[in-house]
Protein chains: 2
Amino acid sequence: MSADRQQNRKAYHHGDLKNALLQAGKEVLSLEGVNRFDLRKVARKAGVSHAAPYRHFADKEALIDAIVKLGFEELAGRLAAKIEKSGHSTPEKLKVVALEYVLFAGQNPWLLREMFSGRSSRNRNNEAYIASKAVYRIYRDVIHTGQEAGEIGSGDPNALAGVLWSLMHGLAMLIIDDQVTPYAEGKRGVERFVNYSVSTLIDGMKG
Amino acid sequence: MSADRQQNRKAYHHGDLKNALLQAGKEVLSLEGVNRFDLRKVARKAGVSHAAPYRHFADKEALIDAIVKLGFEELAGRLAAKIEKSGHSTPEKLKVVALEYVLFAGQNPWLLREMFSGRSSRNRNNEAYIASKAVYRIYRDVIHTGQEAGEIGSGDPNALAGVLWSLMHGLAMLIIDDQVTPYAEGKRGVERFVNYSVSTLIDGMKG
DNA sequence: ACCTGAACACCGTTCAAGT
DNA sequence: ACCTGAACACCGTTCAAGT
C-alpha cells in the first residue's frame, strides 16, 4: 500500500482515480440511466473535484464508452461462467445463456440500453465494439459445437448466432420495458418465457 | 386560415405551437438522439422563445413522451398498411411486418431506442404505453388469424406475439447497431436476414 | 390565453495555479 | 504527474411582464 493510499482521506493524489470513476460511473449509469449521468456527480462520488476526471478521460462520452466496454466484458464473463456450469446438451446451454442475458438486463437495464445505443459501433476499432464481439463469439461457439454434435440444424453458425442474439436481446429489452407482461412476470415467468422462446427458435433451426 | 396564421412571420401567437414543437422535436430526436435533444433548440426551430414550450408541455420529458407516442402510432400505421397490401399467407405477412419494423428502425434509430427506453412503461396509463399496445395487437391478430387458418402452430397467440416481437425488436436493434454485419448488410442483406430469422421462428412454432 | 426576457441553479469543459 | 478553483458557455425551469 502506497503512502498516498495510507493517508487516503486527505491525500491530494487519489491513487486509483480512473477505476474509482469507472466504478462510481457504472453505478450511476446502471441505476439512474444516461439522462441522469452527470460527470460532476460522478466526480463527487469519487471524492474529487469536477475537473479531475479530465486527467483520465477525454470527456463525459469517453467515460461512458469505457463503462460500456466494462459492461460487455462483465456480460461475456457471466455467460461463459453459466455455460461452464451447465449440462452438456446444446439446447440447454443456449437456454442458460439466454436466461443469463435477460437477468443481466434486469439487473443493469440502463447499462444494457447504453451498450446498444450506437456508441459502441461508431467505429469498429472502438474498444467497446471489440468487447461486444467477444460476447457474440460465446454463443456462436456453442452453436458451432452443437452442430458438430448434430444437436443443432445446419447453417452458417455466425448467422444463426445473429438470429439467436436478436431473439435474446429482444427478449431482454421487452422484458425490462414491461412489454411482454403477463407472459414474463416474476422470476419463474421470465424463465418460462425465455425457455419457451429459445426452444421454439431451436426447433425452427432443425427444420 | 386565421388572422394569426396570415401574419405568421411576426405573429405573437404561433397558432399551432404544440404541433410545431412535436414535429421539430421528432426531427431532432430521430436524427440526433436524446443526448442532443435540448428544449431551447427545439423552441428555436419552432421560432419561439425558450420558455414558450412550457405553455404546452409540463417539461422536456413530457415533450419526449409525446414524441414517443407519435412514434408508436406511426409504426402501427406502417405495419398495418404493409399487412393490408401483402399476400394472404400468414408467414408472408409476418415477414413483411418484420421487415417494415426493421426499416422503421433504420430510418428512426434514435426514436426507436427512445420508444424502448423505459419511459413508456413507467406507468400503464401512459399514453405512449397504450400506443405501444396497439402495435402489439397488430401481429398478435395476424398470428391468431393464421392459427385459425392452420398456417401457424398452436399456442397462446399473445405469448407467440411476444416471442415474435422480441425477435423483430432484437433484429432491429442489432442491425441499427451494426452488430450483425456482414449477415445483414445493405437493403438486400437486411431483407434476406430478416426473412431467414422469421422463417426459422415460424418453423419452430409448427413443432 | 399565449408568449417573452430576465433570472437562477446546474452541468460540461478549459486553464492557470497549486501539491 | 495529478488535482483544484475560478471562469465561461449553455441548458432546464420559473415568473413577472408584455400582447
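Chain identifiers are assigned alphabetically (A, B, ...) following the order of the sequence lines, protein sequences preceding nucleic acid strands; residue numbering begins at 1 within each chain. Values reported hereafter were calculated over all heavy atoms of this structure, with side chains retained and with hydrogens, waters and symmetry mates removed.
Near DNA chain D, defined here as any heavy-atom distance below 4.0 Å, there are no residues from residues 21-41 of chain A.
Whole-Å rounding puts the B/E61 CD to D/dG12 P distance at 10 Å. What separates NZ of A/K18 from P of D/dC2 is a distance of 11 Å, to the nearest Å. As rounded to whole Å, 11 Å separates atom C1' of C/dC15 from atom NE2 of A/H50. Taking atom CZ on B/F57 and atom P on C/dC3, their separation rounds to 12 Å, with Å as the unit. Across the protein-nucleic acid pair, B/L63 atom CG and D/dC11 atom C1' stand 15 Å apart, rounded to whole Å.
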Test side-chain contact (heavy atoms from CB on, under 4.5 Å) on A/W110 and A/R36; report intermediate values, then the result. CA-CA 11 Å; A/W110 291 105; A/R36 289 189 180 144; over 6 Å; no

Verdict with reasoning, B/V42 to B/K60, per side-chain contact (heavy atoms from CB on, under 4.5 Å): CA-CA 10 Å; B/V42 174; B/K60 180 180 164 177; over 6 Å; no

Could you walk me through whether B/Q147 and B/T90 pass the side-chain contact (heavy atoms from CB on, under 4.5 Å) test, one step at a time? CA-CA 9 Å; B/Q147 287 180 320; B/T90 297; over 6 Å; no

Worked verdict on A/S120 versus A/M115 for side-chain contact (heavy atoms from CB on, under 4.5 Å): CA-CA 7 Å; A/S120 67; A/M115 286 159 65; over 6 Å; no

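OP1 or OP2 of C/dC3 sits under 4.0 Å from a side-chain N or O of B/H56. Note on B/R44: a side-chain N or O is less than 4.0 Å away from OP1 or OP2 of D/dC11.
For A/R55, taking side-chain heavy atoms from C-beta onward, the closest of the listed nucleotides D/dT13, D/dC2, D/dT14 is D/dC2. Nearest to the side chain of A/S49, among D/dT4, C/dC3, C/dC11, sits D/dT4. The side chain of A/Y54 lies closest to C/dT13 when the candidates are D/dT14, D/dC3, C/dT13.
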Secondary structure string for DNA chain D (Watson-Crick or G-U under 3.5 angstrom, | for other-strand pairs): ||.|||||...|||||.||

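Between A/M173 and A/H169, the closest side-chain pair of non-hydrogen atoms falls below 4.5 Å.
Using a 4.0 Å cut-off between charged side-chain N and carboxylate O, B/R113 and B/D177 make a salt bridge. The existence of a salt bridge linking B/K85 and B/E100 is excluded, since no basic side-chain nitrogen approaches an acidic carboxylate oxygen closer than 4.0 Å.
Aromatic ring pairs are classed by plane angle as parallel below 30°, tilted from 30° to 60° and perpendicular above 60°; the pair A/Y139 and A/Y136 is perpendicular.
With a 6.0 Å cutoff to the six-membered ring centre and a 45° limit on the axis angle, A/K69 does not count as a cation-pi contact of A/F72.
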